[in-house]
Amino acid sequence: MFVLVEMVDTVRIPPWNFDRQLNEAMAEELNKKLANKVVYNVGLCICLYDITKLEDSYIFPGDGASHTKVHFRYVVFHPFLDEILTGKIKYCSQEGVHVTMGFFDDILIPPESLQQPAKFDEAEQVWVWEYETDEGGHDLYMDQGEEIRFRVADQVFVDTSPTGPAVAASDAEGKKEAPYTLIVRIIQTN
Amino acid sequence: MTCYSLFSQTDQFVTFTFFFFTAQVFKLLIDLKEQRKDGGKSKHSAGQQNLNTIMYETLKYLSKTPSSRQSPEIVKEFLTTMMPHKLTKAEKLQLLNHRPQTAVEIQLMVEESEERLSEEQIEELIQTISDHLPGDPEQEKAAAETDEGGGQS
């Protein structure tokens with residue numbers, strides 16, 4: 001579920017934090033920058049694990065703050081392919097069933113990956129699995145809040161960095177896309 | 001953002017990062033929470049809100065999984081016991097995260113389990129998991145109560 005990613009970055013410590021221990025100030029800045037954020041092609045950053053190397057700090061003309069290059073390891077949520085996870089159903093839509101894990105929301109079960117045959121009930125906005133047994137047909141509703149086990153099939157990273165002014169003007173609507181989405185398959189259990 | 005991941009720039013991303021056991025993440029977050037409790041004013045500043053949110057949600061999620069009851073010693077002991085079964089790291093990770101109690105669950109987590117493990121080995125695996133990894137105390141209490149009820153009648 002989680003991986004440790006080694007990263008390098010230059011951290012800026014403002015002068016009013018010079019009285020603090022360098023490590024502590026670094027850790028706070030790194031967490032401020034990365035915690036609960038998605039790094040493109042890496043995953044959802046959770047928290048700092050440790051700092052492996054601190055290079056020399058520099059002060060540049062015009063800015064009273066110190067700049068330090070830091071090598072550190074960060075705990076990142078990045079499930080591997082085919083990993084089994086549990087989550088709760090958030091809501092259903094035409095695109096499929098949206099599942100949440102609390103700390104990570106953008107998990108989607110596309111209609112093809114649901115147990116077949118499945119149909120979308122427009123009135124109740126819920127996906128239904130109709131299965132036939134010897135006794136007759138049964139309907140299993142994908143209700144909100146239900147716990148569900150799924151297997152990771154694919155992951156999609158979208159670069160949501162701000163675009164330049166020319167593009168922004170034409171793109172008036174500005175659709176909000178999730179930077180990191182997991183496409184998953186429901187697990188068939190009896 | 002000037003930060004870059006050493007590995008996302010190469011195609012070998014997956015081979016360089018290594019799986020971090022969920023139990024370790026749980027312990028890390030608990031320790032961090034304790035540390036921040038003593039910190040006082042800094043944790044409420046605007047910048048720390050993201051860290052607070054992700055810590056709270058992740059702890060909430062993990063506290064309901066078997067990983068929350070696995071100390072580093074338990075994980076180490078479990079992995080040592082698992083060595084003869086020759087499972088991949090990913091498979092052992094999933095066994096730790098989910099603590100399967102039935103053969104069906106084991107077959108989901110272990111690839112080609114019919115070819116690699118005989119029925120006795122699967123039973124042995126279930127027993128090892130049950131012995132080494134602590135279960136959910138509430139679940140076990142409920143199971144014990146229903147057993148007692150059945151025994152009496």
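For clarity, every value in this text was computed on a predicted model and none was experimentally measured. Quick note on labels: first sequence line is chain A, next is B, and so on, each numbered from 1.
At most 12 non-hydrogen atoms from other residues, nucleotides or ligands lie less than 6.0 angstrom from OH of A:Tyr58. The local environment of NZ in B:Lys27 is sparse, with at most 12 non-hydrogen atoms from other residues, nucleotides or ligands closer than 6.0 Å. For CD of B:Glu111, the number of neighbouring non-hydrogen atoms (other residues, nucleotides, ligands) closer than 6.0 Å is 12 at most. Other residues, nucleotides and ligands contribute only 12 or fewer heavy atoms inside 6.0 Å of the CD atom of A:Gln144. Crowding of B:Tyr56 atom OH: a count of heavy atoms from other residues, nucleotides or ligands under 6.0 Å not exceeding 12. The number of heavy-atom neighbours closer than 6.0 Å to CD of A:Gln21, taken from other residues, nucleotides and ligands shown, is 12 or below. When the shell of 6.0 Å around NZ of A:Lys37 is examined, it contains more than 12 heavy atoms from other residues, nucleotides or ligands.
For the pair A:Arg151/B:Leu108, a side-chain contact is recorded, criterion being any heavy-atom separation below 4.5 Å from C-beta on. When side chains are defined from C-beta on, A:Cys47 does not count as touching B:Ile54, because their heavy atoms never get closer than 4.5 Å. Residues A:Lys32 and B:Gln49 have side chains not in contact (no heavy-atom distance under 4.5 Å, counting atoms from C-beta outward).
Residues B:Leu59 and B:Leu28 share a hydrophobic cluster, clusters being chains of Ile/Leu/Val/Met/Phe/Trp/Tyr side chains in contact below 4.5 Å. Using a 4.5 Å cut-off between side-chain heavy atoms of Ile, Leu, Val, Met, Phe, Trp and Tyr, with links allowed through other members, A:Leu22 and A:Ile51 fall into the same hydrophobic cluster. The hydrophobic cluster containing A:Ile187 does not contain A:Leu108, counting ILVMFWY residues as joined when their side-chain heavy atoms lie under 4.5 angstrom apart, directly or transitively. In the hydrophobic clustering of ILVMFWY residues, with side-chain heavy atoms under 4.5 Å counting as a link, B:Ile74 and B:Leu125 come out together. Cluster annotation: A:Ile183 is not connected to A:Ile107 through the hydrophobic network of ILVMFWY side chains, with a link wherever side-chain heavy atoms come within less than 4.5 Å.
Here side chain to side chain donor-acceptor pair (under 3.5 Å) pairs that include residues 45-55 of chain A, with residues two or more places apart or in two chains, are A:Asp50-A:Arg73, A:Glu55-A:His71.
Within the 4.5 angstrom heavy-atom criterion, atoms from both the backbone and the side chain of B:Asn50 approach chain A. A:Leu30 does not touch chain B: none of its heavy atoms, backbone or side chain, sits under 4.5 Å away. With a threshold of 4.5 angstrom between heavy atoms, B:Glu91 does not approach chain A through any atom at all. Of the two parts of A:Thr86, the backbone and the side chain both hold a non-hydrogen atom closer than 4.5 Å to a non-hydrogen atom of chain B.
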Does the side-chain contact (heavy atoms from CB on, under 4.5 Å) test come out yes or no for B:Thr58 and A:Phe104, once each step is laid out? CA-CA 9 Å; B:Thr58 312; A:Phe104 185 70; over 6 Å; no
Please assess B:His98 against A:Ile84 for the test side-chain contact (heavy atoms from CB on, under 4.5 Å), listing each intermediate value before the final yes or no. CA-CA 9 Å; B:His98 292 276; A:Ile84 296 178; 4.0 Å; yes
Does A:Glu83 form a side-chain contact (heavy atoms from CB on, under 4.5 Å) with B:Asn97? I'd like the steps, not just the answer. CA-CA 10 Å; A:Glu83 184 172 357; B:Asn97 286 352; 3.9 Å; yes
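Between B:Gln94 and A:Asp82, the shortest heavy-atom distance links the atoms NE2-O, 4.1 Å.
At a heavy-atom separation below 4.5 angstrom, chain A is approached by no residue within residues 77-86 of chain B. Among the residues in residues 93-103 of chain A, those with a non-hydrogen atom closer than 4.5 angstrom to a non-hydrogen atom of chain B are A:Met101, A:Gly102, A:Phe103. At a heavy-atom separation below 4.5 angstrom, chain A is approached by B:Tyr61, B:Leu62, B:Lys64 within residues 60-72 of chain B.
Of the inter-residue distances, the one linking B:Leu51 atom CG with A:Ile46 atom CD1 reads 10.0 Å to the nearest 0.5 angstrom.
Of the charged side-chain nitrogens involved, none lies within less than 4.0 Å of a carboxylate oxygen, so that B:Arg36 and A:Glu28 do not count as a salt-bridged pair.
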